[in-house]
There are 2 protein chains.
Amino acid sequence: MKQKITIKTIAKELGVSTSTVSKALRDSHEISIDTKDKIKAYAAMFNYKPNSLALQLRNQKTKLIGVILPRIVHHFFSTVIKGIEQGASEKGYHIMVCFSNESYKKEVENLKVLSNGSVDGLIVSIAKETLETKDFTHFKDLVNEEIPLVLFDRVVDEILCDKVVVDDVGAGYKATKYLLNQNSLKIALITTPEHVNVGTLRRQGYERALSEKGISVNKKLIIEVEEKENIKAQIERVFDQDIDAVFAVNEIYAATAMRIAKEKGYKVPQEFSVIGFTDGLISEYSSPSITTIAQHGLEMGKQAVEVLIERIEKEAEVYEPKKIVISSNLKLRESTKPSS
Amino acid sequence: MKQKITIKTIAKELGVSTSTVSKALRDSHEISIDTKDKIKAYAAMFNYKPNSLALQLRNQKTKLIGVILPRIVHHFFSTVIKGIEQGASEKGYHIMVCFSNESYKKEVENLKVLSNGSVDGLIVSIAKETLETKDFTHFKDLVNEEIPLVLFDRVVDEILCDKVVVDDVGAGYKATKYLLNQNSLKIALITTPEHVNVGTLRRQGYERALSEKGISVNKKLIIEVEEKENIKAQIERVFDQDIDAVFAVNEIYAATAMRIAKEKGYKVPQEFSVIGFTDGLISEYSSPSITTIAQHGLEMGKQAVEVLIERIEKEAEVYEPKKIVISSNLKLRESTKPSS
DNA sequence: TGTCAACACGAAATCGGTTTCGTAAAATGA
DNA sequence: TCATTTTACGAAACCGATTTCGTGTTGACA
């Protein structure tokens with residue numbers, strides 16, 4: 001790379017001190033108009049840009065927010081990033097994005113690298129593997145060091161920090177209730193294994209809606225999809241039962257279930273209804289398009305970054321972790337019958 | 001934030017100089033075993049982490065790569081990010097991601113912020129607005145400053161830097177030829193306005209395949225979709241013509257076209273074939289699933305970051321800009337008839 | 001003409017590390 | 001015993017900015 005022009009260069013070239021140059025560029029009254037003009041002209045001519053590292057070191061802040069996500073090729077997470085970036089950008093921050101690839105080890109690594117002063121704060125959604133192992137010491141260390149941290153979507157109570165989540169229980173409840181209201185009473189639930197707690201919460205909503213209606217939960221109608229194995233085959237099994245609707249905790253499961261239903265000859269939505277989670281492109285463009293719980297990823301990202309920046313900029317008085325719950329809503333499409 | 005522990009703290013606490021601490025932690029032979037042990041133990045106990053800003057300033061490198069994308073909620077771009085991150089991570093680099101939102105102004109801003117020393121190099125895909133205005137001075141300035149830059153996917157010849165692109169002409173050719181071979185002779189092309197040159201290149205491939213077959217290009221079969229207006233309505237117009245296949249330059253257009261075809265009563269693929277571009281989730285999960293040109297975003301990201309890091313780390317001898325072309329291939333699915 | 005304030009600028013400290021060079025004390029060798 | 005080499009460490013420069021404090025020169029005023 002070409003030799004960068006620094007304050008020192010300008011000072012030497014113009015026969016003044018570095019302090020004078022610095023003050024001149026910041027328009028200090030201490031410097032005479034003549035000198036200021038000369039220095040500014042020189043700086044402009046050679047396209048001088050202050051070295052941000054030097055500034056960051058001196059000011060002890062980077063105006064950078066670290067973001068660690070389990071995945072990126074994923075509609076919900078990329079929407080959240082967009083929200084984070086928008087919110088950050090408005091406040092003059094930039095984002096550094098890393099991925100854990102759902103791996104515990106990579107998450108620990110990323111956290112270590114980002115917590116050595118390169119960012120002012122962190123926004124994280126926990127990796128699946130970490131949720132399984134339940135080892136959260138790397139997060140607790142961070143909290144101990146008092147590095148501002150916001151968790152979103154996949155969170156755990158053990159870690160004392162700000163959190164942003166969707167109302168998963170409520171969402172599961174809403175979806176299930178909608179299906180019940182349109183007279184689908186034999187509703188299968190396609191969810192994740194227990195350790196991914198968003199799945200568990202959505203399931204609670206499902207169960208609550210059923211029991212309100214006086215229907216007992218039939219475990220045979222609940223499939224916990226193990227992602228390492230063939231997803232379609234696992235979902236197909238639930239069709240051995242007598243069912244007339246499916247509530248799936250994500251888009252892929254919903255689309256897969258609908259496909260199977262169509263293959264089995266069901267007419268969607270007349271004979272069979274489907275509701276998914278996450279309002280992504282699959283739901284929008286499959287045919288029929290799929291009714292989903294909209295997760296408001298953009299909103300989540302914005303909220304997360306807002307809380308984080310507040311935490312960064314306000315000298316922490318008494319630290320009271322916040323939990324922001326974003327309510328989700330049903331986006332009606334063609335895979336369900338109109339509400340009665 | 002809690003007061004960070006620095007080398008100075010350790011030095012004072014242990015009654016040695018900062019140089020001794022630094023050397024001890026780096027396991028220098030100049031320091032006695034005893035002292036080293038003492039210092040290391042202290043550092044470990046208080047969880048000392050060297051401040052990365054200080055290191056970056058001293059070493060004049062950040063091990064950071066800036067990435068500027070037009071959009072993020074987009075299958076292709078998020079796949080590229082994944083590739084970039086993987087490649088970067090392997091070489092000990094991290095990525096800083098910004099978005100231009102297809103806006104010229106934001107692109108200029110991002111470029112300015114990232115080029116003040118905060119990153120060692122940049123990977124960029126140009127915003128649509130910039131492609132329209134054709135003002136590339138911000139990129140040229142970067143090249144003049146000799147900041148390593150790699151453009152991908154949306155590139156322009158004017159900017160003298162490394163580039164990674166897919167073989168858009170070849171891809172358009174392959175797709176069109178496949179349709180011709182299965183006896184679809186009245187192929188509509190749904191593409192972007194001219195300034196987005198990937199669209200133009202894919203169109204060239206389309207035209208070449210047609211003329212090889214002795215079919216003259218019918219302009220009425222070519223739709224240039226203006227994204228600000230209603231996409232579906234624009235695509236619908238081409239169905240006024242007598243057509244039996246569609247080649248679309250992206251997923252959304254392909255899915256929309258297929259939907260229209262089905263609404264008009266065509267049987268896909270028996271009576272009507274569809275080929276899209278970008279192998280995303282829509283193509284995979286729509287029904288019938290859509291045959292596409294796979295763009296190999298992951299591969300692109302990896303290649304881009306590899307070239308960039310090479311440029312960063314090799315003291316630029318003679319600078320000869322590289323252009324890497326990634327060949328794309330047809331991913332056959334249900335929206336086309338089997339190859340004859 | 002002497003005093004003091006205002007002006008315009010420079011020296012040096014600081015941020016948190018690394019690295020070169022210098023040196024006192026101990027060890028070695030003749 | 002004296003000269004020389006190691007050993008083990010510290011002082012200081014450096015990366016590129018900002019900022020405090022100090023100071024020489026003017027000009028104003030008594």
Side-chain angles (χ1 to χ4, degrees), chain A residues 1-40 42-43 46-64 113 115-120 145 147, chain B residues 1-40 42-43 46-64 113 115-120 145 147:
Chain A
M1 220 190 301
K2 198 186 273 188
Q3 186 55 37
K4 277 267 166 69
I5 173 167
T6 70
I7 274 202
K8 218 178 278 182
T9 330
I10 304 183
K12 202 187 296 171
E13 239 21 72
L14 261 46
V16 293
S17 76
T18 59
S19 5
T20 304
V21 176
S22 172
K23 287 173 192 163
L25 293 174
R26 319 195 90 234
D27 224 2
S28 159
H29 63 274
E30 287 184 34
I31 308 297
S32 70
I33 309 277
D34 280 5
T35 314
K36 273 199 257 188
D37 284 351
K38 205 171 54 181
I39 292 177
K40 282 184 189 168
Y42 190 95
F46 289 94
N47 191 23
Y48 166 76
K49 286 179 256 177
N51 180 307
S52 70
L53 289 177
L55 290 177
Q56 289 173 19
L57 180 58
R58 168 145 245 272
N59 300 331
Q60 295 292 76
K61 60 184 164 192
T62 61
K63 287 274 180 178
L64 254 180
V113 173
S115 66
N116 61 8
S118 26
V119 299
D120 290 345
E145 291 182 55
I147 294 175
Chain B
M1 221 188 301
K2 199 186 273 186
Q3 186 55 36
K4 278 267 168 68
I5 172 165
T6 71
I7 275 204
K8 218 178 275 185
T9 329
I10 304 183
K12 201 188 296 172
E13 248 6 84
L14 261 46
V16 294
S17 76
T18 59
S19 7
T20 305
V21 176
S22 173
K23 287 173 192 164
L25 292 175
R26 318 193 91 232
D27 224 2
S28 158
H29 64 275
E30 287 184 33
I31 308 298
S32 70
I33 310 278
D34 281 5
T35 315
K36 274 199 254 188
D37 285 350
K38 207 171 53 181
I39 292 176
K40 282 183 189 167
Y42 190 95
F46 290 93
N47 191 24
Y48 166 77
K49 285 179 258 179
N51 180 307
S52 70
L53 289 178
L55 291 177
Q56 289 173 17
L57 180 59
R58 170 143 245 273
N59 300 330
Q60 296 292 75
K61 60 183 163 194
T62 61
K63 287 275 181 177
L64 254 179
V113 173
S115 66
N116 61 6
S118 26
V119 299
D120 290 345
E145 290 182 56
I147 294 175

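Throughout, protein chains are lettered first and strands after them, A, B, ... in sequence-line order, and every chain is numbered starting at 1.
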Whole-Å distance between [N] [atom2] and [X] [atom1]?
X	N	atom1	atom2	value
B/K8	D/dA11	NZ	P	13 Å
B/R26	C/dT20	CZ	P	11 Å
B/L14	D/dG10	CG	P	11 Å
B/L57	D/dA13	CG	P	17 Å
B/H29	D/dT7	NE2	C1'	10 Å
A/I7	D/dT19	CD1	P	11 Å
B/K4	C/dT14	NZ	P	21 Å
A/Q56	C/dG17	CD	P	15 Å

How many angstroms lie between atom [atom1] of [X] and atom [atom2] of [Y], to the nearest 0.5 angstrom?
X	Y	atom1	atom2	value
A/L55	A/T62	CG	OG1	12.0 Å
B/T18	B/K23	OG1	NZ	9.0 Å
B/H29	B/K36	NE2	NZ	9.0 Å
B/N51	B/I5	CG	CD1	13.0 Å
B/S52	B/L57	OG	CG	11.0 Å
B/D27	B/I39	CG	CD1	11.0 Å

With sugar-phosphate meaning primed atoms plus P, OP1 and OP2, does [X] contact a base, only sugar-phosphate, or nothing at under 4.0 Å between heavy atoms?
X	answer
A/T6	sugar-phosphate
A/Q60	sugar-phosphate
A/S32	sugar-phosphate

Choosing from [options], which nucleotide comes nearest the side chain of [X]?
X	options	result
A/E30	C/dC9, D/dT19, D/dC9	C/dC9
A/L55	D/dA13, D/dC9, D/dT18	D/dT18
A/A54	D/dT18, D/dC15, D/dG16	D/dG16
A/K23	C/dG16, C/dA11, D/dG10	C/dA11
A/T18	C/dG17, C/dG10, D/dT18	D/dT18
B/R58	C/dG16, D/dT19, D/dC9	C/dG16
A/S17	C/dG17, C/dG10, D/dG16	C/dG10

5'-most by nearest nucleotide on DNA chain D - B/V16 or A/L53: B/V16
Which residue lies more 5' along DNA chain D, comparing A/Y48 with B/T35 via nearest heavy atoms: B/T35
Donor-acceptor pair present, B/S19 side chain and D/dA11 base, under 3.5 Å: yes
